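Treat the numbers as computed from the prediction; the structure is a model and nothing was measured. Whatever order the structure lists ligands and atoms in, that order sets their numbers, starting from 1.
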Amino acid sequence: MANLWEILMQYEYKTFNSLSEILDYTKDYPVIMDCFLKTSNIIEKFKKPVCSISGGKDSDIMLDIITKVDIQHKVMYVWFDTGIEYQATKNHLDYLERRYNIKIHREKAIKPIPSACKEYGYPFVSKHISEMMYRLQKHNFQWENESFESLISKYPKCKSALQWWTNHKQDTNKGYSQFNINYNKYLKEFIVLNPPKFKISSKCCDYAKKKVAHNYENSNDCDLSIIGIRKSEGGVRATAYKNCFSENDNKISQYRPLFWLTDEDERNYDNLFNIVHSDCYTVYGLKRTGCVGCPYGKELSNEMAIMEQYEPKLSKAANNIFKDSYEYTKKYRQFVADMKANKGGDNIAKND
Ligand code: SF4
């Protein structure tokens with residue numbers, strides 16, 4: 001029986017002799033074609049680019065593009081091992097190394113996720129929410145439902161988190177700013193009635209990824225960091241950027257090759273270049289990879305059921321680490337469901 005490698009390697013890896021051949025091959029897909037052109041030009045300009053590989057779908061496409069245009073083999077590849085990663089992701093990294101004949105450096109977290117969470121707090125719903133709640137908790141905020149003016153006089157060093165809490169940020173023309181708490185339905189009402197009894201923070205990402213990336217880039221004298229953010233993924237992370245490239249003469253520049261690609265462009269890319277994604281998607285049926293059971297996951301309960309089925313040991317670990325956050329998230333989701341079903345009054349009465 002053929003082993004996994006033999007099966008995966010049967011997928012044709014398209015090779016090209018020149019950039020113009022690639023451009024010709026992708027001429028019916030202008031966004032993809034443009035992506036190759038830009039990536040080639042940018043890599044050409046830098047001496048020591050480093051590309052962050054996650055093992056996820058976007059990262060697979062980014063890697064395929066780079067390996068096709070990096071004719072001088074300048075780009076280094078790094079994966080940040082947060083300590084709670086799917087075995088399927090690790091297997092996929094091995095596959096990528098063989099498919100592209102590259103080395104993906106594995107870098108461990110500066111602080112393991114359980115210690116970072118214990119020290120700073122646990123992720124809850126999203127990075128931005130966790131950061132705002134962390135700042136409020138640091139000032140011993142009592143989750144009062146009062147005006148910004150009244151709260152800023154009580155907590156004078158907490159301006160931007162209070163702006164979030166009181167919906168003080170300029171709304172977008174859609175009516176809601178993602179930097180206001182009302183961007184997440186009924187979140188404020190929920191917190192006022194159920195103040196968190198545990199610390200909340202987004203710091204585990206800093207110690208498992210962000211600071212690790214900075215250390216890696218600095219210690220390897222990198223001048224370009226390549227990451228897989230797409231504009232269409234939305235959220236605070238993607239909207240922080242206006243385009244695909246941030247040039248920085250004094251520090252490390254950043255390039256986001258997939259920035260303009262939509263989901264449809266990515267599907268087209270997969271078909272054009274026979275991209276094979278990790279078992280996390282194709283076998284487990286997950287919609288995202290990364291840390292197992294991260295509380296930011298939009299489909300957390302589905303993900304937890306999948307974890308339990310395919311990676312039970314990791315499932316147990318995630319349930320231990322994020323227990324408080326999971327319970328609080330579950331309670332919040334139920335609150336939203338009740339409010340939507342017009343049981344809001346009952347809910348508020350119960351909690352009073
Ligand atoms: S992805 Fe989630 S669990 Fe992983 S480091 Fe970031 S916040 Fe923590």
Engineer: Should the pair Asp263-Arg230 be classified as a salt bridge under the 4.0 Å nitrogen-to-oxygen rule?
Structural biologist: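 Looking at Asp263 and Arg230, the cut-off is met.
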
Engineer: Do Lys331 and Asp324 sit within salt-bridge range, that is, some charged N less than 4.0 Å from a carboxylate O?
Structural biologist: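 Between Asp324 and Lys331 there is no salt bridge, as every charged N stays at least 4.0 Å from the carboxylate O atoms.
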
Engineer: Charged N to carboxylate O under 4.0 angstrom, Lys108 versus Asp81?
Structural biologist: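 Result for this pair is yes, salt bridge flagged.
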
Engineer: For the atom pair CZ (Phe245) and CG (Asn41), what is the distance rounded to the nearest 0.5 Å?
Structural biologist: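 So the CZ of Phe245 and the CG of Asn41 are separated by 10.5 Å.
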
Engineer: For Tyr95, run the side chain to side chain donor-acceptor pair (under 3.5 Å) check against Arg99, Arg98, His92 and tell me which one passes.
Structural biologist: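 Testing each of Arg99, Arg98, His92 against Tyr95, the sole residue satisfying side chain to side chain donor-acceptor pair (under 3.5 Å) is Arg99.
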
Engineer: Judged by modelled atom types alone, do Tyr120 and Lys111 share a side-chain donor-acceptor pair under 3.5 Å?
Structural biologist: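 Indeed, the side chains of Tyr120 and Lys111 share at least one donor-acceptor pair under 3.5 Å.
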
Engineer: Contact between ligand 1 and Phe322 is defined here as a heavy atom of the residue under 4.0 Å from a ligand atom; is it met?
Structural biologist: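 It does, in that a heavy atom of Phe322 comes within the 4.0 Å cut-off of ligand 1.
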
Engineer: Counting only protein atoms, how many N/O/S atoms are less than 2.8 Å away from atom 4 (Fe) of ligand 1?
Structural biologist: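 That number is 1, waters not included.
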
